[in-house]
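Quick note: residue numbers are just sequence positions, from 1.
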Amino acid sequence: MSANNRPPGHQTTYDSAFLKACRREPVPHTPVWFMRQAGRSLPEYLKVREGIPMLESCMRPDLVTEITLQPVRRHKVDAAIYFSDIVVPLKAIGIDLDIKPGVGPVVAEPIRTRADLARLRDLSPEDVWYVTEAMGMLTGELGGTPLIGFAGAPFTLASYLVEGGPSRNHENTKALMYGDPQLWADLLDRLAEITAAFLKVQIEAGASAVQLFDSWVGALAPADYRRSVMPASVKVFEAVASYGVPRIHFGVGTGELLGLMGEAGADVVGVDWRVPLDEAARRVGPGKALQGNLDPAVLFSTPEAVESKTREVLDAAAGLEGHVFNLGHGVLPTTDPDALTRLVAYVHERTAR
């Protein structure tokens, strides 16, 4: 991508270590960021969120800006991740849902029939005006540090909508997928349009990269993923391809799906901690950068153990075309923030070129 056709507002971040790694270019050090770094484990986050419900906090640009910046200030990570939640676009189009502490997103009236599809209207930029405002504030503050936008993938959003909340076995979701394949396809196609619109808002507001979280897709067999999920994910990635920003794809328990997730159109494939990065690279194939993949639970061990496990990840990544260091899932709520700060410094020092 030449300087003349870079996305607007992304000039200052283009040569950052994070974006170079996503583009599989040489980097001064392996870049680091953490899923769920904005919030959860930081005392300063708990302080500013005190008494404010999760969804409300996602709709207050001043609060979103402060929370997104906190881990960048504290940990010196190479990218910021926009503070939000994957159900925000669903709430924005009028779906009656709430995020209940200790439970997660809960949908008042699950979507299980063709008539229910009418409740999923188009998402317009006006529906999420607070995202545009917060991202404008953030890009002004972040300078050369890239801002990552994100959205929930169609399958994971569908799972929440059909189940009515988090699910261990996804029985209602799979019952719909297998029992009424046409309704399922139409549901995912509708969600792909909403998700693509949400990502476009973020990119146009200044996001330097976007990540599609398919948190629950590891519940599927590869054949079911290819037939019933992949077309919707492809649609999302194709919808934002023309912007030229890196597209990251991540799911949990997706070792058997890594190749297909790469095929769906991402530039970077996120890997959880269950598959070593060198093996993940073999499954994904050439032409993709990888992101990951330290087990978040390792951070509860001794500093020596954290360094040892981090070296294992870096050694496995040594031959990759591009590597973004991350955890294999999100930061756990009771993680010691100092462990994260030390981890960032260690990766930077260990990989300095």
Side-chain angles (χ1 to χ4, degrees), residues 7 35 55 58-59 81-95 97 99 104-105 107 111 116-132 134-135 147-163 173 176-177 183-218 220 225 228-243 245-252 254 257 260-270:
M35 289 178 279
L55 280 172
C58 294
M59 298 173 189
I81 176 77
Y82 184 78
F83 174 73
S84 187
D85 190 273
I86 62 171
V87 299
V88 162
L90 300 179
K91 182 74 172 180
I93 62 168
I95 297 298
L97 61 81
I99 298 176
V107 179
I111 289 181
D116 292 333
L117 278 185
R119 288 154 52 199
L120 296 173
R121 67 166 176 82
D122 290 343
L123 177 84
S124 72
E126 294 73 32
D127 292 321
V128 287
W129 62 268
Y130 42 85
V131 173
T132 300
M135 286 211 156
L147 176 61
I148 304 168
F150 75 91
F155 174 82
T156 291
L157 294 180
S159 179
Y160 277 119
L161 288 170
V162 174
E163 299 291 341
T173 305
L176 178 60
M177 184 174 73
L183 174 57
W184 173 259
D186 293 345
L187 170 60
L188 259 67
D189 190 67
R190 192 85 272 278
L191 290 169
E193 292 172 357
I194 293 164
T195 298
F198 190 51
L199 290 178
K200 286 178 181 179
V201 166
Q202 295 177 67
I203 296 168
E204 290 175 6
S208 295
V210 290
Q211 176 158 307
L212 195 64
F213 280 90
D214 217 346
S215 309
W216 304 128
V217 79
L220 297 182
Y225 176 85
S228 303
V229 174
M230 192 167 159
S233 295
V234 168
K235 183 172 183 172
V236 174
F237 285 125
E238 287 183 346
V240 298
S242 63
Y243 289 98
V245 303
R247 298 158 297 170
I248 310 168
H249 201 6
F250 174 75
V252 187
T254 50
L257 305 178
L260 292 170
M261 290 176 71
E263 280 183 45
D267 306 295
V268 184
V269 177

Check your understanding: Are Asp116 and Leu187 close enough, and set up right, to give a side-chain contact (heavy atoms from CB on, under 4.5 Å), and what steps lead you there?
Key -> CA-CA 9 Å; Asp116 292 333; Leu187 170 60; over 6 Å; no
Check your understanding: Can you name the side-chain hydrogen bond (donor to acceptor under 3.5 Å, both in side chains) partners of Gln211, sequence neighbours left out?
Key -> Gln291
Check your understanding: Is there side-chain contact between Leu257 and Asp214, with heavy atoms separated by less than 4.5 Å?
Key -> no
Study note, to complete from the structure: Value for CD1 (Ile111) from CG (Leu191), rounded to nearest 0.5 Å, stands at 7.5 Å
Practice item. With rounding to the nearest 0.5 Å, note down the distance linking CZ in Phe155 to OG in Ser233. Key: 10.0 Å
Check your understanding: Can you name the side-chain hydrogen bond (donor to acceptor under 3.5 Å, both in side chains) partners of Arg247, sequence neighbours left out?
Key -> Asp267
Review point. Looking only at heavy atoms, what is the nearest atom pair of Phe237 and Ala264, with distance?
Key: CD1-O, 3.5 Å
Point to revise | Check: Trp216 and Tyr160 side chains under 4.5 Å, non-hydrogen atoms | key: yes
Practice item. Considering non-hydrogen atoms only, spot the tightest contact between Ser208 and Val245 and give its length. Key: O-CB, 3.4 Å
Exercise for review: Check step by step if side-chain contact (heavy atoms from CB on, under 4.5 Å) holds for Val107 and Ile95.
Suggested key: CA-CA 8 Å; Val107 179; Ile95 297 298; 4.2 Å; yes
Check your understanding: Can you check whether Leu188 reaches Trp184 side chain to side chain, under 4.5 Å on heavy atoms?
Key -> yes
Check your understanding: Rounded to the nearest 0.5 Å, what separation is found between the CD atom of Glu204 and the OH atom of Tyr243?
Key -> 3.5 Å
Study note, to complete from the structure: Note: Gly149 and Ala207 closest approach over all heavy atoms is N-CB, 3.8 Å
Review point. For the residue pair Lys200 and Ala239, what are the closest heavy atoms and their distance?
Key: CE-O, 3.3 Å
Review point. Can you check side-chain contact (heavy atoms from CB on, under 4.5 Å) on Asp127 and Arg121, steps first, answer last?
Key: CA-CA 11 Å; Asp127 292 321; Arg121 67 166 176 82; 2.9 Å; yes
Practice item. State, yes or no, whether a side-chain contact exists between Val210 and Ile203 at a heavy-atom distance under 4.5 Å. Key: yes
Practice item. Report yes if the side chains of Tyr130 and Val88 come closer than 4.5 Å at any heavy-atom pair, otherwise no. Key: yes
Revision key, fill the gap. Between the CE atom in Met59 and the OG atom in Ser84, the distance rounded to the nearest 0.5 Å is 8.0 Å
Exercise for review: Please tell me if the side chains of Asp122 and Arg190 come closer than 4.5 Å, counting only heavy atoms from C-beta onward.
Suggested key: yes
**Study point:** Interatomic distance, Leu161 atom CG to Leu120 atom CG [nearest 0.5 angstrom]
**Key:** 6.0 Å
**Study point:** Working for side-chain contact (heavy atoms from CB on, under 4.5 Å), residues Phe150 and Ile248
**Key:** CA-CA 9 Å; Phe150 75 91; Ile248 310 168; over 6 Å; no
Check your understanding: Does Leu117 reach the side chain of Leu183, with side-chain heavy atoms less than 4.5 Å apart?
Key -> yes
Check your understanding: Got a second to check how far Leu212's CG is from Met261's CE, nearest 0.5 Å?
Key -> 8.0 Å
Point to revise | Main-chain N/O of Thr173 paired with Glu163 side-chain donor or acceptor, under 3.5 Å | key: yes
Exercise for review: Considering only NZ, NE, NH1 and NH2 on the basic side and carboxylate oxygens on the acidic side, decide whether Lys235 and Glu238 come within less than 4.0 Å.
Suggested key: no
Review point. Between Leu147 and Tyr82, which heavy-atom pair has the shortest distance, and what is it?
Key: CD1-N, 3.9 Å
**Study point:** Test item: Thr156 and Phe213 side chains (from C-beta on) under 4.5 Å apart, heavy atoms
**Key:** no
Point to revise | Closest approach of Val236 to Pro154 (non-hydrogen atoms, all atoms of both residues) | key: CG2-CG, 4.0 Å
